[in-house]
Amino acid sequence: NAGVMQNPRHLVRRRGQEARLRCSPMKGHSHVYWYRQLPEEGLKFMVYLQKENIIDESGMPKERFSAEFPKEGPSILRIQQVVRGDSAAYFCASSQTIGQPQHFGDGTRLSIL
Amino acid sequence: AQKITQTQPGMFVQEKEAVTLDCTYDTSDPSYGLFWYKQPSSGEMIFLIYQGSYDQQNATEGRYSLNFQKARKSANLVISASQLGDSAMYFCAMREGGAGGFKTIFGAGTRLFVKA
């Protein structure tokens with residue numbers, strides 16, 4: 001199965017630690033999108049990346065959050081100095097080209113103690 | 001202003017009956033796509049059905065159909081012959097901008113309960 005792979009599925013961090021979420025897009029997909037889902041809410045767009053480039057990060061908090069999609073390896077969403085409000089499900093999606101259907105991974109559930 | 005509105009926080013349906021989940025949207029872009037996703041309790045997002053703004057016919061995928069009323073800006077999901085496994089959260093979503101669009105905007109969701 002060559003779907004979008006996210007790991008870990010669950011991540012627990014203490015306040016102040018760093019969280020690193022990984023996303024491997026579907027084979028042949030070079031466009032990656034990150035979304036955040038707070039409890040009982042819909043997904044909200046965070047950032048859109050192509051290989052080595054951030055195209056749009058308008059939905060990502062300016063502080064503590066960063067994303068990358070290196071030439072080799074998965075896309076990483078990094079949250080520094082996590083706070084309780086960062087607890088959410090983080091979904092990654094990928095597409096072959098812009099405008100094509102986005103395929104979602106199973107998400108990473110981040111819990112902050 | 002809300003781009004995607006799902007007015008039903010929760011819905012009940014009897015097994016084997018049909019159910020309609022409401023969705024209205026707001027956009028001034030003539031080119032957009034509408035999506036429905038299912039999120040079971042296990043948490044993954046499962047794509048169900050897609051409707052393009054220029055599509056003449058309503059989309060159908062198995063037991064799912066999308067009742068697209070462009071003038072009313074509504075895109076209701078109809079699930080026929082409900083099954084117990086249909087119990088889940090359902091999200092309506094929209095992507096503006098046609099072939100150049102990438103941001104998918106989600107509604108707040110409707111939780112569907114299928115009764116035996």
Side-chain angles (χ1 to χ4, degrees), chain A residues 1 3-11 23 25-26 29-50 53-60 67 69 87-111, chain B residues 2-10 21-25 29 31-55 59 61 66 75 77 88-112:
Chain A
N1 187 344
V4 179
M5 302 298 294
Q6 288 189 250
N7 68 82
R9 189 77 196 269
H10 300 272
L11 182 61
C23 169
M26 281 182 72
H29 287 192
S30 58
H31 300 250
V32 165
Y33 317 83
W34 285 92
Y35 293 83
R36 177 164 67 176
Q37 184 182 30
L38 296 173
E40 302 301 317
E41 292 187 14
L43 279 66
K44 289 193 168 47
F45 169 81
M46 297 180 74
V47 61
Y48 161 42
L49 309 103
Q50 291 182 38
N53 291 307
I54 295 175
I55 307 302
D56 187 306
E57 55 183 347
S58 57
M60 200 154 69
F69 188 16
S87 294
Y90 292 83
F91 286 89
C92 169
S94 73
S95 67
Q96 192 170 38
T97 62
I98 190 172
Q100 288 283 312
Q102 295 176 14
H103 298 260
F104 281 84
D106 287 347
T108 292
R109 274 129 198 96
L110 176 65
S111 299
Chain B
Q2 291 282 352
K3 290 264 190 177
I4 296 283
T5 302
Q6 294 180 255
T7 56
Q8 306 152 315
L21 307 183
D22 294 342
C23 173
T24 57
Y25 60 92
D29 195 328
S31 182
Y32 53 90
L34 297 157
F35 305 79
W36 278 91
Y37 289 86
K38 173 184 178 181
Q39 188 175 43
S41 55
S42 48
E44 66 269 30
M45 292 291 286
I46 302 168
F47 166 73
L48 296 179
I49 197 166
Y50 166 78
Q51 179 86 42
S53 58
Y54 294 118
D55 293 344
E61 288 286 346
L66 200 153
L77 177 70
M89 196 77 168
Y90 288 81
F91 292 98
C92 179
M94 176 177 67
R95 195 169 70 221
E96 295 168 304
F102 57 85
K103 278 186 201 177
T104 304
I105 303 161
F106 286 80
T110 294
R111 190 171 294 281
L112 179 66

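Bear in mind the structure is a predicted one, so any value in this text is a computation, not a measurement. A note on names: the letters A, B, ... follow the listed sequences, proteins ahead of strands, and every chain is numbered from 1.
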Can you tell me how the ring of Y33(A) sits relative to the ring of F102(B), calling it parallel under 30°, perpendicular over 60° and tilted otherwise? parallel
Please identify, among R9(A), E41(A), K44(A), Q102(A), the residue contributing the most non-hydrogen atom pairs under 4.5 Å to chain B. Q102(A)
Heavy-atom distances under 4.5 Å only: say whether S58(A) touches chain B with side chain, backbone, both or neither. side chain
Identify which of P9(B), S42(B), G43(B) forms the greatest number of heavy-atom pairs closer than 4.5 Å to chain A. G43(B)
Tested for ring pair (Phe, Tyr, Trp, His ring centres under 6.0 Å) against F104(A), the lone hit among F91(B), F35(B), Y37(B) is Y37(B)
Atom pair CD (Q6(A)) and CD (E44(B)), whose distance is rounded to the nearest 0.5 Å: 11.5 Å
Near-ring test F106(B)/F45(A), centroid separation under 6.0 angstrom: no
Got a second to check how far Q39(B)'s CD is from Q37(A)'s CD, nearest 0.5 Å? 4.0 Å
For R111(B) and E40(A), indicate whether the former's side chain and the latter's backbone hold a donor-acceptor pair under 3.5 Å. no
Do Y35(A) side-chain atoms and I105(B) backbone N/O form a donor-acceptor pair below 3.5 Å? no
Measure the spacing between SG of C92(A) and CE of M45(B) and express it to the nearest 0.5 Å. 13.0 Å
